[in-house]
S.K.: 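Quick one: structure below, then a few questions.
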Amino acid sequence: MPEITSTPSSIDFSSVLAAAVHDMKNSLFLLLQSIENLADSLPEQDTASREQVANVHYEASRLNTSLVQILSLYRAELERLPITVDECFIDDLFSDVVGSNHIYIKQKNINIEVAQTNDLSWYLDSELIYLLINDMLVNSLRYGNSKIRLSAFTADNRLVIRLEDDGPGYPEAMLLNSSTRLSDFHVSQGRTGLGLFFARLIASAHTQGENCGEISLFNGGTLGGSVFEVKLP
């Protein structure tokens with residue numbers, strides 16, 4: 001009887017990793033829902049428990065965003081990002097972003113001002129822009145003190161979405177990293193570096209003729225802290 005030998009099959013590790021990330025993302029979504037239900041069941045006077053739940057929700061949200069970014073980068077083959085463009089009403093977009101962070105917003109007692117032109121709409125990938133704005137809002141919630149301003153308007157035939165806070169502002173290193181290419185990205189830049197690269201990737205994937213979207217970071221603005229802008233053609 002001939003000897004039967006087995007040859008190890010090659011494993012596409014990137015595909016396995018993507019599948020694992022997708023599964024973890026779904027589990028985190030269920031976890032976030034459970035945390036929100038728990039927060040709703042806690043009495044208002046139990047401030048210590050509510051603060052702990054808010055912090056857990058915040059960290060779970062950040063982890064979920066990171067997983068979505070990793071999965072999107074894999075699907076984009078690290079340099080291209082396919083998008084689905086449709087008409088999006090900015091008021092609905094802002095409501096979704098603020099609503100998904102209501103637990104942390106309430107616990108930190110931060111006042112969020114939303115300012116935009118009535119019935120403002122734009123053609124964009126609402127899911128990707130949601131991720132972009134949400135990630136930056138989470139950053140402002142963490143470092144802001146008491147006020148955040150989220151606004152949208154049109155200028156030079158572009159949609160401008162601006163997020164401002166009253167925190168200490170962006171550190172110099174973060175301002176420099178806002179234009180980092182993936183080939184120059186280093187793990188030491190951590191979560192923030194990946195988030196900025198992902199934001200720039202989303203913005204630049206929105207094109208109109210020779211024009212493409214862009215992001216910018218600076219300090220000052222109306223609240224004196226950090227200012228994040230995304231401009232879409």
S.K.: Quick one: CD on E127 to CG on D96, what's the gap to the nearest 0.5 Å?
M.R.: 11.0 Å

S.K.: Does any part of the side chain of T154, heavy atoms only, come nearer than 4.5 Å to the side chain of V160, both counted from C-beta?
M.R.: no

S.K.: Can you check side-chain hydrogen bond (donor to acceptor under 3.5 Å, both in side chains) on D166 and S146, steps first, answer last?
M.R.: CA-CA 7 Å; D166 62 347; S146 61; 3.0 Å; yes

S.K.: Side chain to side chain contact (heavy atoms under 4.5 Å, CB included) for N219 and V227? Distances and angles first, verdict last.
M.R.: CA-CA 6 Å; N219 293 325; V227 182; over 6 Å; no

S.K.: For F218 and Y170, which heavy atoms make the closest approach, and how far apart are they?
M.R.: O-CD1, 3.7 Å

S.K.: For residues T207 and C212, report the shortest heavy-atom separation together with the two atoms involved.
M.R.: CG2-CB, 3.8 Å

S.K.: Could you pull out the closest heavy-atom pair between G213 and P233, with the gap in Å?
M.R.: N-CD, 3.6 Å

S.K.: With a sphere of 6.0 Å drawn around CD of E113, does it hold more than 12 non-hydrogen atoms of other residues, nucleotides or ligands?
M.R.: yes

S.K.: Among D135, L132, I215, V230, which residue satisfies the side-chain contact (heavy atoms from CB on, under 4.5 Å) criterion with I202?
M.R.: L132

S.K.: Please name the pair of heavy atoms, one in R162 and one in F153, separated by the smallest distance, quoted to 0.1 Å.
M.R.: NH2-CZ, 3.6 Å

S.K.: Checking V85 against W122 for the side chain to side chain contact (heavy atoms under 4.5 Å, CB included) test, could you report, in this order, the C-alpha distance in whole Å, the side-chain angles of both residues, the deciding distance, and whether it holds?
M.R.: CA-CA 9 Å; V85 173; W122 206 257; over 6 Å; no

S.K.: Identify which one of I112, I110, L137 satisfies the side-chain contact (heavy atoms from CB on, under 4.5 Å) criterion when paired with N101.
M.R.: L137

S.K.: Check whether any side-chain heavy atom of S100 sits under 4.5 Å from a side-chain heavy atom of Y130, and report yes or no.
M.R.: yes

S.K.: If you define the side chain from C-beta out and look only at heavy atoms, does anything of E164 sit under 4.5 Å from I148?
M.R.: no

S.K.: Assess whether side chain to side chain contact (heavy atoms under 4.5 Å, CB included) is satisfied between I129 and H206, documenting all intermediate values.
M.R.: CA-CA 10 Å; I129 297 300; H206 288 76; 3.7 Å; yes

S.K.: Answer whether the closest heavy-atom distance between the side chains of S126 and L124 falls below 4.5 Å.
M.R.: yes

S.K.: Taking side chain as C-beta onward, heavy atoms only, is D91 less than 4.5 Å from Q116?
M.R.: yes

S.K.: Working to the nearest 0.5 angstrom, can you tell me the gap between T47 OG1 and Q52 CD?
M.R.: 10.0 Å

S.K.: Charged N to carboxylate O below 4.0 Å: is that the case for E229 and R158?
M.R.: no

S.K.: Should M136 and L223 be counted in the same cluster of Ile, Leu, Val, Met, Phe, Trp and Tyr side chains packed under 4.5 Å apart?
M.R.: no

S.K.: Give, for atom OG of S204 and atom CG of N211, the distance between the pair rounded to the nearest 0.5 Å.
M.R.: 13.0 Å

S.K.: Mind listing the closest non-hydrogen atom pair of F94 and I133 along with its distance?
M.R.: CE1-CD1, 4.0 Å

S.K.: Between L163 and R149, does a side chain to side chain contact (heavy atoms under 4.5 Å, CB included) hold up when you go through it step by step?
M.R.: CA-CA 6 Å; L163 181 65; R149 189 173 192 269; over 6 Å; no

S.K.: Any chance OH of Y123 has more than 12 other-residue heavy atoms, nucleotides or ligands included, within less than 6.0 Å?
M.R.: no

S.K.: Regarding S226 and D165, is there a side-chain donor-to-acceptor distance under 3.5 Å anywhere?
M.R.: yes

S.K.: Roughly how far, to the nearest 0.5 Å, is the CG atom of L120 from the CG atom of L159?
M.R.: 6.0 Å

